[in-house]
Number of protein chains: 2
Amino acid sequence: MPRKVDHDERRRRLTEALLRIASTRGLQAVSMREIAAEAGVSLRVVQYYFTNKQALLESGLTELGARMDRRLKQRTAGAGELTPRGVFAAVLDVVLPSDEQSRLDSMAWNAYYTAALTDPALAAVGVTLPDTLENFLTVRLTTAQQAGEITPDRDPRTEVAGLLALANGLTSSVLSGQRGHEAAAKIIDYHLDRLFGPAPA
Amino acid sequence: MPRKVDHDERRRRLTEALLRIASTRGLQAVSMREIAAEAGVSLRVVQYYFTNKQALLESGLTELGARMDRRLKQRTAGAGELTPRGVFAAVLDVVLPSDEQSRLDSMAWNAYYTAALTDPALAAVGVTLPDTLENFLTVRLTTAQQAGEITPDRDPRTEVAGLLALANGLTSSVLSGQRGHEAAAKIIDYHLDRLFGPAPA
DNA sequence: CCCGTTAGGATACGAATGTATCCATATGGG
DNA sequence: CCCATATGGATACATTCGTATCCTAACGGG
């Protein structure tokens with residue numbers, strides 16, 4: 001066989017170029033030719049490694065989910081050793097855009113979210129992440145409640161759903177520049193204080 | 001002068017057609033010809049009443065803001081007679097998509113929000129509504145606090161910002177079908193209960 | 001050495017887009 | 001009555017898009 005090339009690596013480069021465009025100029029600015037230019041290759045190469053634009057778009061969404069997953073796992077790696085509040089703070093801080101890279105990812109995520117609202121094909125790739133997060137945190141909070149770390153009059157599932165929706169809404173306001181990351185983080189802390197009692201270190 | 005036609009009425013019809021497309025098929029599906037077809041007129045008519053596609057898009061955003069405003073004013077018309085909690089419940093319920101029409105408007109709103117993130121021209125039309133809402137509610141809550149209707153350890157501005165972000169995040173989850181309107185409303189009520197004390201009628 | 005296969009360059013095609021132009025028509029004020 | 005003008009129909013144009021096709025080059029196994 002002739003010239004062998006690492007297909008996965010090529011595809012990854014193209015997907016990253018796609019996300020770079022989507023996060024800075026929006027999904028509507030994503031075209032085969034733009035991706036080729038951004039990745040520094042010819043149009044043919046993009047066609048060669050992705051049969052469809054659809055396939056390309058789906059790969060972008062998949063990669064985005066993987067990135068979130070990676071960041072989450074990284075932050076909650078030693079979750080067993082963290083206080084319940086520590087777990088919540090870590091997870092919610094991952095959702096919120098902090099540095100430039102996570103801001104870009106949040107932009108792309110938002111673009112995909114909006115596109116999926118009117119594009120069944122994208123919706124099908126299905127972002128199970130929100131539900132996964134909600135379940136994970138609900139288990140944690142229920143455990144914490146049984147351990148007496150939060151008052152019994154709280155409903156864990158409702159609290160968790162609320163906190164995640166709060167983080168999402170705050171993300172929107174950060175992206176649109178209505179608020180900075182610090183202001184958003186402060187609001188989350190405020191709510192964690194009310195849930196878990198006054199702050200830690 | 002020959003045949004006179006109500007330009008405002010024509011423009012309104014076209015803007016409504018635009019929003020109908022944007023809310024069901026997304027902003028990327030909005031084209032001059034599609035609007036013409038949706039409104040049952042020729043392409044030329046769309047061109048005649050809007051010089052640009054840009055002007056058309058801006059008119060859609062303006063109309064959307066006006067609708068929100070109208071709905072808000074309607075709900076808070078007798079706000080002076082409402083309990084503070086009643087005001088909050090009314091406002092937050094307006095933000096949340098309830099019936100089909102407000103769901104469609106929320107879809108369009110979200111589409112515009114996402115587009116504005118990468119389109120300076122749209123961002124310039126500027127949605128001052130969030131800030132207006134936040135200020136309005138903050139004043140209300142501060143007053144309620146001074147009247148002793150909520151405990152002094154609450155920070156009105158933070159509470160309001162949190163509630164609005166919560167409503168936004170819940171709206172997202174409702175649009176994506178992760179949750180129904182009732183579930184979202186219940187979560188908001190839950191938080192209002194915690195803020196104002198146990199529920200009213 | 002050499003040839004079959006993989007990797008990509010070059011180009012084309014039809015559809016859809018925003019915008020511009022040319023022209024018809026009808027109507028209300030003189 | 002009649003014509004200047006407001007309204008809009010028909011059509012064209014250059015771009016851009018996704019996709020398809022044709023062909024070349026390189027390279028590793030025989």
Side-chain angles (χ1 to χ4, degrees), chain A residues 1-22 24-61 111-112 115-116 118-122 124-125, chain B residues 1-22 24-61 111-112 115 118-122 125:
Chain A
M1 296 157 194
R3 195 154 36 142
K4 257 306 189 191
V5 156
D6 187 340
H7 280 217
D8 288 342
E9 204 269 349
R10 278 275 200 280
R11 263 188 267 264
R12 200 168 45 77
R13 277 217 195 297
L14 292 175
T15 301
E16 282 167 3
L18 155 60
L19 288 181
R20 238 173 292 139
I21 298 174
T24 54
R25 288 185 285 150
L27 262 185
Q28 98 290 344
V30 169
S31 77
M32 299 279 203
R33 286 167 237 259
E34 282 295 328
I35 294 175
E38 172 72 28
V41 298
S42 78
L43 169 60
R44 185 63 177 84
V45 171
V46 180
Q47 285 189 288
Y48 189 77
Y49 289 98
F50 290 93
T51 59
N52 260 345
K53 184 181 185 183
Q54 189 60 37
L56 202 31
L57 287 180
E58 289 174 7
S59 113
L61 184 48
Y112 268 108
T118 52
D119 179 354
L122 278 184
V125 176
Chain B
M1 293 158 196
R3 193 155 37 141
K4 258 304 189 192
V5 156
D6 186 341
H7 280 217
D8 288 343
E9 204 269 348
R10 278 274 202 278
R11 263 187 268 265
R12 199 170 45 77
R13 276 218 195 297
L14 292 175
T15 301
E16 281 166 4
L18 154 60
L19 288 181
R20 240 173 290 138
I21 297 174
T24 54
R25 288 184 286 149
L27 262 185
Q28 99 290 343
V30 170
S31 77
M32 299 279 206
R33 284 166 238 262
E34 283 296 329
I35 294 175
E38 173 72 28
V41 299
S42 77
L43 170 60
R44 185 64 177 85
V45 171
V46 180
Q47 285 188 288
Y48 190 77
Y49 290 99
F50 290 93
T51 59
N52 261 346
K53 185 181 185 184
Q54 190 59 37
L56 202 31
L57 287 180
E58 289 173 9
S59 113
L61 184 48
Y112 268 108
T118 52
D119 180 353
L122 279 184
V125 177

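Every chain is numbered from 1 and lettered A, B, ... according to where its sequence line falls, protein lines coming before strand lines.
Residue H7(B) places at least one side-chain N or O closer than 4.0 Å to OP1 or OP2 of dT7(D). In this structure, Y48(A) reaches the dA7(C) phosphate: one of its side-chain N or O atoms is under 4.0 Å from OP1 or OP2. Proximity of N52(A) to the phosphate of dT19(D): a side-chain N or O atom is located under 4.0 Å from OP1 or OP2. For R10(A) and dG8(C), the shortest distance from a side-chain N or O to OP1 or OP2 is below 4.0 Å. The side chain of S31(A) contributes an N or O atom lying less than 4.0 Å from OP1 or OP2 of dC17(D).
Proximity of E34(B) to E38(B): side-chain heavy atoms (C-beta onward) are nowhere separated by under 4.5 Å. Side-chain contact between V41(B) and Y49(B): absent, with no pair of heavy atoms (C-beta onward) separated by less than 4.5 Å.
Going from atom CZ of R33(A) over to atom OG of S42(A) covers 11.0 Å, rounded to the nearest 0.5 Å. Considering CD1 of I21(A) and CD of E16(A), their distance stands at 12.5 Å, rounded to 0.5 Å.
Rounded to a whole Å, the NZ atom of K53(A) is 15 Å from the P atom of dA20(D). The distance from atom CD1 of I21(A) to atom P of dC17(D) is 10 Å, rounded to the nearest whole Å. For the pair Q54(A) CD and dT19(D) P, the computed distance is 9 Å after rounding to whole Å.
Comparing dT19(C), dG8(C), dC22(C) against the side chain of R44(B) picks out dC22(C) as the nearest. Picking from dT19(D), dG9(C), dA20(C) the nucleotide with the shortest atom distance to the side chain of Q47(B) gives dA20(C). When the nucleotides dG8(D), dT21(C), dT19(D) are ranked by their closest atom to the side chain of R33(A), dT19(D) comes out on top.
Among the atoms of the strands shown, only primed sugar atoms or phosphate atoms (P, OP1, OP2) are found under 4.0 Å from some heavy atom of Y49(A).
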